[in-house]
Amino acid sequence: MTDLQDLPLRDSLRGQTPYGAPQLDVPIALNVNENTHGVHPEVQKQILAALSDELSGLNRYPDREFRPLREALADYLGDGLSADNIWAANGSNEVLQHILQAFAGPGRSVLSFGPTYSMYPLLAAGTDSEYIEIPREEGFLLSPEFVAAKIAQHKPDVVLLCGPNNPTGTTLSREAIIAAYDAFDGVLVIDEAYHEFETDLPSATTLLNGRPRLAVSRTTSKAFAFAGVRLGYLAADPAFIDALRLVRLPYHLSALTQAAALTAVRNAPLMLEAVAEIRAQRALVVAELQSLGLRPWQSGANFLLIDGFDNPSAVFDALLDRGILVRKVAIPGHLRLTIGTAAENKAVLAALRDILK
Ligand SMILES: *Cc1c(COP(=O)(O)O)cnc(C)c1O
């Protein structure tokens with residue numbers, strides 16, 4: 001039997017493991033930060049009609065520039081942005097891949113501050129870019145001075161800053177973003193996958209004006225409850241968007257994806273209806289976890305990084321025995337928990353109370 005090691009694989013991919021968050025059929029899946037509330041029934045109906053309208057034209061390639069979708073995304077973001085400022089792809093993972101294909105690559109480097117999103121090193125490896133991970137400061141924080149000093153020291157080609165940060169939930173300050181931008185000549189990407197769950201923090205899109213090397217990445221996979229469709233997007237200077245056109249595959253967004261996403265984005269208020277409830281649930285879950293003697297970190301996202309487990313792996317297994325899937329992380333004593341519906345959260349807290357007693 002042929003083994004992977006027998007194939008003429010690129011050296012930089014040898015020994016790597018693919019992204020592999022477990023996909024298990026369990027009653028309560030709270031491991032990949034999906035919105036567990038589901039798509040609003042009214043929007044479901046409209047999406048079905050929009051998809052149906054596309055069917056007779058599926059013999060043709062889709063609109064390569066997906067202009068109506070970019071207009072809708074620009075309207076949703078506001079901040080004076082227009083379709084020329086917008087890019088989209090199959091998940092923000094593909095958006096990030098386009099950025100690294102255009103601005104990183106062999107002989108170039110990508111820098112981030114860990115612990116952070118586990119896809120960053122994989123995207124770097126896939127584009128043959130060097131990945132530099134700098135440990136965050138105490139409490140997973142990033143001060144402007146620290147960020148600027150590390151970037152100036154390493155002079156990377158691309159910096160990825162995740163805010164709120166996965167897996168810690170830590171929010172990212174405007175001062176840190178500005179300091180990062182001013183510290184080097186490369187591309188700065190703010191990954192705002194969880195922005196809609198933050199309260200009161202303006203998006204980094206408000207910093208785009210006059211900063212052509214800044215890009216703000218978003219996704220419909222989390223707050224929008226649309227992970228199954230695969231639609232991520234980005235806002236940046238129009239010249240930045242032109243760079244991404246050089247590396248995207250032609251027609252990368254299918255006509256069905258465009259139709260479904262356009263309908264969803266035009267119905268943003270309905271799609272985002274559960275966000276306020278998830279935020280309220282987050283506060284309740286924090287209080288309950290604390291009453292169990294656990295230490296959830298401050299979070300601006302729809303998940304909590306929880307400290308205080310003597311044996312996180314055993315707790316993970318005991319939860320799974322009860323049909324609850326959470327996330328193991330590479331941080332000792334911690335687990336990560338997505339905030340679910342009220343009923344799901346109640347079940348998790350009851351299970352934890354039982355397991356930890
Ligand atoms: C979930 C997540 C994404 C979203 O990826 P998609 O490809 O859009 O589903 C992006 N960045 C971070 C940090 C995430 O946690």
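Counting convention: from 1, in listed order, for ligands and their atoms alike. Heavy-atom basis, side chains included; hydrogens, waters and symmetry copies ignored.
Figure legend: cation-pi geometry between Arg213 and Tyr181, with NZ or CZ positioned under 6.0 Å from the six-membered ring centre and within 45° of its axis. For Arg70 and Phe66, the positive end sits near the middle of the six-membered ring, less than 6.0 Å away and at most 45° from its axis. Judged by a 6.0 Å distance limit and a 45° cone about the ring axis, Lys328 is positioned over the six-membered ring of Phe316. In this structure, Arg336 satisfies the cation-pi test against Phe303, with its NZ or CZ atom closer than 6.0 Å to the six-membered ring centre and inside 45 degrees of the ring normal.
Protein residues with any heavy atom under 4.0 Å from ligand 1: Gly91, Ser92, Asn93, Tyr117, Cys162, Asn166, Asp191, Ala193, Tyr194, Thr219, Ser221, Lys222, Arg230.
Ring to ring, Tyr233 and Trp87 are not that close: their centroids are 6.0 angstrom or more apart.
Between Asp75 and Arg266 there is no salt bridge, since no side-chain N of the basic residue sits under 4.0 Å from a carboxylate O of the acidic one.
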